[in-house]
Amino acid sequence: MLLPAKAEVARQLRRYRAWERAMLAAPDDLMVRATFEDTGYTLCVLMGKRCAREAVDAAERYLRITPADYLLEQNERPRTASVSARRGPLRSRRRRFHAGR
């Protein structure tokens with residue numbers, strides 16, 4: 001797994017926090033809200049997370065510990081079952097079409 005540079009993570013996290021404060025100060029300003037959402041998305045991509053809150057938590061954790069410890073921590077998290085395992089075997093999901101019906 002590739003990890004981002006800590007300096008870049010710190011920079012993006014500072015940027016996110018600054019725009020978060022601006023958005024909370026002016027929630028009706030659409031430009032501020034859009035920029036805040038963009039910074040959240042950038043942090044998501046950088047940290048490999050699906051939502052900004054998870055990305056912020058991961059960035060803060062990453063900056064506190066060594067990269068090796070962060071990787072170990074990420075690898076220890078439980079994996080979810082694959083989609084096909086949750087849905088059952090492929091054969092049972094297929095629809096059967098009969099000619100002429």
With the side chain counted from C-beta on, respond yes when Arg33 and Pro27 share a heavy-atom pair under 4.5 Å apart, and no when they do not.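 With C-beta onward as the side chain, the pair touches.
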Please examine the side chains of Arg11 and Lys6, heavy atoms only from C-beta on, and report whether any two atoms are closer than 4.5 Å.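 The answer is no, as the side chains (C-beta and beyond) never meet within the 4.5 Å cut-off.
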Under 4.0 Å between a side-chain nitrogen and a carboxylate oxygen: does that hold for Asp57 and Arg53?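 Yes, this pair counts.
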Joint hydrophobic cluster, [X] plus [Y], side-chain heavy atoms closer than 4.5 Å:
| X | Y | answer |
| --- | --- | --- |
| Val56 | Ile65 | yes |
| Leu46 | Tyr41 | no |
| Phe36 | Met31 | yes |

Pairing donors with acceptors under 3.5 angstrom, does anything connect the side chains of Asp38 and Thr35?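 There is no such pair between these side chains.
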Just verifying a value: how many Å separate [X] [atom1] and [Y] [atom2], rounded to the nearest 0.5 Å?
| X | Y | atom1 | atom2 | result |
| --- | --- | --- | --- | --- |
| Cys44 | Tyr16 | SG | OH | 8.0 Å |
| Leu71 | Thr66 | CG | OG1 | 8.5 Å |
| Arg61 | Glu54 | CZ | CD | 9.5 Å |
| Gln12 | Arg17 | CD | CZ | 13.5 Å |

Distance-minimising heavy-atom pair for Val9 and Ala59: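 Looking at all heavy atoms of both residues, the shortest contact is CG1-CB, 3.7 Å.
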Identify the heavy atoms of Leu13 and Leu43 that sit nearest to each other, and give their distance.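 Where Leu13 meets Leu43 most closely, the heavy atoms are CD1-CD2, 4.0 Å.
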Relative to each other, are the rings of Tyr62 and Tyr70 parallel, tilted or perpendicular (30° and 60° limits)?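 Rings of Tyr62 and Tyr70: perpendicular, over 60°.
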Within a radius of less than 6.0 Å around CG of Leu24, do more than 12 heavy atoms belonging to other residues, nucleotides or ligands occur?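 Yes, the 6.0 Å shell around CG holds more than 12 heavy atoms from other groups.
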